[in-house]
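Contents: one structure, followed by commentary.
Keep in mind that what you see is a predicted model, and the values were worked out from it rather than measured. Heavy-atom basis, side chains included; hydrogens, waters and symmetry copies ignored. Sequence positions, counted from 1, serve as the residue numbers for this chain.
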Amino acid sequence: GYTLYSAFIAPGPFVIDDLIPNTSSGTLEIIVKEADGRSTTNYQSYAALPMQLREKSVRFHIAAGQYRTDQYVQKPRFMQGTLAYGVNSQMTLYGGARAANFCQLLLTGVGLNLGQYGSSALDMTYAQSQDMTTTRQRGNAIRWQYAKENAATKTNFQIAYQRYLNSSFRTFTEAVDAYSGLNSDQNSVIYSRFDGAIAQTFGAAVLNLNFGTERYWNGQKEVLCRIG
């Protein structure tokens, strides 16, 4: 992994409310380092709200940069762009692409406003990449997201499921791993990922339940559950 967020905090309880993950769902590793050198590690699953736009509205984003982290020798340059269009009050179409010299990904999907039943989104990603031996991999993945907020009970519920249709599918981060020689074993690639989050508000307090599972093509499975 790589560092997504770093900050100095005062002693005692703290809240991180300005973090923007670069994926719609997953698990964050949170490391708190004390002044005396001690460190505590926790894991937090998350799932973002499905894509939704107002009718006839357009949202686009274009960026270019360099993927940098101390873990990798390779620091590839890449470009990416996203485009979303609100067809009507119930449907949003969206897509995106990301490209580097060794990896290209293309995503297309649809978001649905389900009214009182919440919102949902379904998309598919095509990816092709190569590892440090120049072996080229091609694959597809599908992702489903759902979110529902109940204002009366002050409950927020979010889930996301992603399924790699091929063991040769790589996300951009996984492709950088393989290109850097850190992980080129197809059997250790994720088969499916499920993440969920439930937030219940009680007055000024909020109770969070985060859970998730990851299955791999080699049959291994990881399960995470956290209440806080």
Side-chain angles (χ1 to χ4, degrees), residues 1-2 4-5 18-28 45-69 72 74-114 118-131 136-147 158-179 189-195 197 212 214:
Y2 56 95
L4 187 67
Y5 181 94
D18 57 348
L19 175 61
I20 303 177
N22 62 351
T23 58
S24 63
S25 64
T27 302
L28 298 175
S45 294
Y46 67 91
L49 291 174
M51 174 64 72
Q52 295 290 322
L53 289 182
R54 294 181 181 275
E55 184 176 359
K56 306 301 181 184
S57 63
V58 177
R59 178 184 298 171
F60 66 91
H61 178 265
I62 300 175
Q66 185 177 35
Y67 193 93
R68 303 182 64 183
T69 174
Y72 303 124
Q74 304 289 342
K75 295 180 173 60
R77 291 181 173 85
F78 69 94
M79 295 184 63
Q80 67 179 32
T82 60
L83 175 66
Y85 173 69
V87 178
N88 50 44
S89 59
Q90 285 78 41
M91 179 183 295
T92 298
L93 299 178
Y94 60 93
R98 180 179 292 178
N101 64 325
F102 63 92
C103 177
Q104 298 82 41
L105 297 96
L106 181 65
L107 177 147
T108 181
V110 57
L112 298 176
N113 180 359
L114 305 178
S119 59
S120 182
L122 179 67
D123 54 56
M124 173 173 282
T125 301
Y126 168 78
Q128 65 174 7
S129 61
Q130 67 182 51
D131 57 25
R136 185 160 293 276
Q137 308 283 353
R138 293 180 176 87
N140 297 276
I142 57 173
R143 178 182 59 178
W144 174 71
Q145 303 171 79
Y146 174 80
Q158 302 173 32
I159 56 175
Y161 176 77
Q162 187 176 29
R163 168 76 161 82
Y164 289 23
L165 300 181
N166 322 90
S167 61
S168 54
F169 176 83
R170 299 287 188 276
T171 64
F172 186 77
T173 299
E174 292 166 346
V176 175
D177 285 347
Y179 192 66
V189 174
I190 292 175
Y191 174 83
S192 66
R193 175 188 287 121
F194 177 80
D195 298 288
E214 287 185 352

Nearest non-hydrogen partners of Ser129 and Ala175, listed with the distance: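 What the structure gives for the nearest pair is CB-CB, 3.9 Å.
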query: Closest heavy-atom contact between Ser120 and Leu114?
result: CB-CD1, 4.0 Å
Quick one: pull up [atom1] in [X] and [atom2] in [Y] and give me the separation to the nearest 0.5 Å.
{"X": "Leu93", "Y": "Thr108", "atom1": "CG", "atom2": "OG1", "answer": "7.5 Å"}
{"X": "Gln90", "Y": "Ser119", "atom1": "CD", "atom2": "OG", "answer": "12.5 Å"}
{"X": "Gln128", "Y": "Cys103", "atom1": "CD", "atom2": "SG", "answer": "8.5 Å"}
{"X": "Gln145", "Y": "Asp195", "atom1": "CD", "atom2": "CG", "answer": "10.0 Å"}
{"X": "Gln137", "Y": "Asn166", "atom1": "CD", "atom2": "CG", "answer": "10.0 Å"}
{"X": "Thr125", "Y": "Leu105", "atom1": "OG1", "atom2": "CG", "answer": "7.0 Å"}

message: Apply side-chain hydrogen bond (donor to acceptor under 3.5 Å, both in side chains) to residues Tyr85 and Arg59 and explain how you reach the verdict.
response: CA-CA 7 Å; Tyr85 173 69; Arg59 178 184 298 171; over 6 Å; no
Is there side-chain contact between [X] and [Y], with at least one heavy-atom pair below 4.5 Å?
{"X": "Ile190", "Y": "Glu174", "result": "yes"}
{"X": "Phe169", "Y": "Val189", "result": "no"}
{"X": "Leu112", "Y": "Met91", "result": "yes"}
{"X": "Arg170", "Y": "Tyr164", "result": "no"}
{"X": "His61", "Y": "Gln80", "result": "yes"}

field: Test side-chain contact (heavy atoms from CB on, under 4.5 Å) applied to Met124 and Leu107, Leu106, Leu165, the passing residue
entry: Leu165
message: Checking Ile159 against Trp144 for the side-chain contact (heavy atoms from CB on, under 4.5 Å) test, could you report, in this order, the C-alpha distance in whole Å, the side-chain angles of both residues, the deciding distance, and whether it holds?
response: CA-CA 8 Å; Ile159 56 175; Trp144 174 71; 3.4 Å; yes
message: With a 6.0 Å cut-off (strictly less than), is the heavy-atom count around CZ of Phe172, excluding the residue itself, greater than 12?
response: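 Atom CZ in Phe172 is crowded, with more than 12 foreign heavy atoms closer than 6.0 Å.
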- line: Hits for ring pair (Phe, Tyr, Trp, His ring centres under 6.0 Å) against Tyr94, two or more places apart or cross-chain, chain-then-number order -> none
message: Would you call the rings of Tyr161 and Phe194 parallel, tilted or perpendicular, taking 30° and 60° as the class edges?
response: tilted
- prompt: Would you find a donor on one side and an acceptor on the other, under 3.5 Å apart, between the side chain of Thr92 and the backbone of Leu53?
  reply: yes
message: Under the criterion side-chain contact (heavy atoms from CB on, under 4.5 Å), I'd like the reasoning laid out for Tyr126 against Arg138: C-alpha separation, chi angles, the key distance, then a yes or no.
response: CA-CA 8 Å; Tyr126 168 78; Arg138 293 180 176 87; 3.4 Å; yes
query: Any side-chain donor paired with an acceptor under 3.5 Å for Arg77 and Tyr67?
result: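 No, no side-chain donor-acceptor pair sits under 3.5 Å.
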